[in-house]
Protein chains: 2
Amino acid sequence: MSRERFKKQLFEQFARVGRVLANGHRLELVEFLAQGERAVEALAEVTGLSVANTSQHLQQLRRVGLVAARKDGLHVYYRLADPAVSKLLGAIQSIAERQFAEVDRIVRSYLTAKDGLEPVSRADLLERAARGDVTVLDVRPPVEYAAGHVPGALNVPVRELEAQLGKLPRKQEVVAYCRGPYCVLAFEAVAQLRALGFSARRLEDGFPEWRLAGLPVEESAAGTDPGPPAVVNTPATRAAPLTQGRRLRG
Amino acid sequence: MSRERFKKQLFEQFARVGRVLANGHRLELVEFLAQGERAVEALAEVTGLSVANTSQHLQQLRRVGLVAARKDGLHVYYRLADPAVSKLLGAIQSIAERQFAEVDRIVRSYLTAKDGLEPVSRADLLERAARGDVTVLDVRPPVEYAAGHVPGALNVPVRELEAQLGKLPRKQEVVAYCRGPYCVLAFEAVAQLRALGFSARRLEDGFPEWRLAGLPVEESAAGTDPGPPAVVNTPATRAAPLTQGRRLRG
DNA sequence: TTAATGTTCAATAATTCTATTGAATATTAG
DNA sequence: CTAATATTCAATAGAATTATTGAACATTAA
């Protein structure tokens, strides 16, 4: 094999990974999977894609080793193949962020209020939580909360926020978080709370980054919905063949 | 703006970066640019693309902020916009590597000899170089050598290796390196040297990774070819508009 | 000014990717 | 066994990406 051909083949392999990162829906799937494993239908709902289409995107992700899958009964649960995938997504986001005024513009145009939205750093939150002078608010759905959350965090999904205001002390600052720097749930919660007179800010990034940073994580059953088995991101079971001996139809 | 629309737009922005990483030639360009800046024609030669095509690929890389460009006289010099881009490429390569038996197969099928090709770690090389019991061999072209190399390394391009064997002491092990883990020059040099009876191994990864690791770098004029100005990877000058006031033709 | 050079632009055909549709497959429950 | 469910497969039309071509542009030198 000539050196030129060798190089072409090699970079073609690398590009296969790149191609899979070239679609917004797939990146969204990766972001969502960063929290733990999910079945196809749930992923379809989050992204707004059809189930069939979601399945195809997931298989592309799986083919290049970005996600892994595990079959349990009727469901196939997907998860990130490696925490490094989360970092890869972060790198892409940060490059996009740095480059595109547009990313900033989109974020800002969604957030009507501009001031006071500086996020709280993980270190600050950890310290203030230890002193007990802050209310930590997890605005993700109970399923995700159950799979792991910041110790001591209250779980109030955004939809129920207004109904459950009573849970929140008014004297302390509220720090809200959700899935990651671009998960809009926390933005929304902060906006709502501030509109209601609370002092509220976002945590920098979100829960996956908290976990990645090696900070303490609490796991517990959620009150309402047990959700899928709370096996979170264990890269132990490698992608076994999902279809046994199925072949093209003659 | 609804939350769904907001998310779609955001991930579409991220996917713009992903799309640019979806092509083998562009990844190859990034790998080559990891060593320092290069003019378009040189990049076209390395990748085997036409100049026009290379230019278009480079502009795609530039549009999403992966590379930056600087115009000097007739030439436009491209460079990585940020060392983080090098890491991003590395992440993609490592995922591809982990997933594809094929990547391994390609590499191995190019290397006829399998044994003794375990690379030398950077730490080992640094230590042994200090003791002087190893010959460090930089097999990249003189231009690249001049822009920065491992201290004390001899620069003998692969093509001239056989002619310049006299420079190499036979009693010491030779450690060869080039651009990165997938640069084939070092593989070739090692294969040649071993065939000639030398004890030879590769350095793990290559020079860009050496530099990224913060290890000492020596810069010097190359013997033969001064090459382009040896400004290496300074993210200081941001991409100024390259075309001044040029418009579509009526 | 003109000529030469390095780079970029614009249009095009060939290839590749995407979402949709409806059918096929595996698993569980009855 | 049959029915119901979750997922995957396969075919297809519409959209996007790629390499090629030749021309246009910007810079330097004469």
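Lettering of chains follows the sequences in order, A, B, ..., and the numbering in each one begins at 1. Everything quoted here is computed from the prediction, not taken from an experiment.
Between the axis at the start and the axis at the end of the helix from C/dT1-D/dA30 to C/dG30-D/dC1 there is an angle of 20°, using five pairs per end and rounding to 10 degrees.
Put simply, B/Tyr78 has no side-chain N or O that comes within less than 4.0 Å of OP1 or OP2 on C/dG6.
Note: CD (B/Glu41) to C1' (C/dT5) measures 9 Å, nearest angstrom. What separates CD of B/Glu37 from P of C/dG6 is a distance of 17 Å, to the nearest Å. Atom CG of B/Leu21 and atom P of C/dC17 are 15 Å apart (whole Å). The separation between A/His75 atom NE2 and D/dT5 atom P is 11 Å, rounded to whole Å. What separates CD of B/Glu45 from P of C/dT7 is a distance of 12 Å, to the nearest Å. Computed from coordinates, the A/Lys71 NZ to C/dT27 C1' distance equals 7 Å when rounded to whole Å. Per the geometry, CD belonging to A/Gln59 stands 14 Å off P belonging to C/dA19, to the nearest Å. Nucleotide C/dG6 holds its P atom 17 Å from the CZ atom of B/Arg38, rounded to whole Å.
Within 6.0 Å of CD on B/Gln59 lie more than 12 heavy atoms contributed by other residues, nucleotides or ligands. By the neighbour-count criterion of 12 heavy atoms within 6.0 Å, atom CD of B/Glu45 is sparsely surrounded, having that number or fewer from other residues, nucleotides or ligands.
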Interface polar pairs with nucleotides 17-21 of chain D, N/O, under 3.5 angstrom:
from   : atom 1 : to      : atom 2 : distance (Å)
D/dT17 : OP1    : B/Arg19 : NE     : 3.2
D/dT18 : OP1    : B/Asn23 : ND2    : 3.3
D/dT18 : OP1    : B/Arg26 : NH2    : 3.0
D/dT18 : OP2    : B/Arg26 : NH1    : 3.4
D/dA19 : OP1    : B/His25 : NE2    : 3.3
D/dA19 : OP2    : B/Asn53 : OD1    : 3.4
D/dA19 : OP2    : B/Asn53 : ND2    : 3.3
D/dA19 : OP2    : B/His57 : NE2    : 2.6
D/dA19 : O5'    : B/Asn53 : ND2    : 3.4

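With sequence neighbours excluded, the residues forming a ring-ring contact (aromatic ring centres under 6.0 Å, His included) with A/His75 are A/Tyr77, listed by chain and number. Not a single side chain to side chain donor-acceptor pair (under 3.5 Å) links A/Glu41 to another residue, sequence neighbours left out. The side chain to side chain donor-acceptor pair (under 3.5 Å) search around B/Glu218 returns B/His149, not counting sequence neighbours. Under the side chain to side chain donor-acceptor pair (under 3.5 Å) criterion, B/Asn23 pairs with no residue, sequence neighbours left out.
When the nucleotides D/dT8, C/dT7, D/dT5 are ranked by their closest atom to the side chain of A/Leu74, D/dT5 comes out on top.
A salt bridge links A/Arg19 to A/Glu12: at least one charged side-chain nitrogen sits closer than 4.0 Å to a carboxylate oxygen.
Using a 3.5 Å distance cut-off with no hydrogens or angles, the side chains of B/Glu97 and B/Gln93 do not pair a donor with an acceptor.
No donor-acceptor pair closer than 3.5 Å links the side chain of B/Arg79 to the backbone N or O of B/Gly36.
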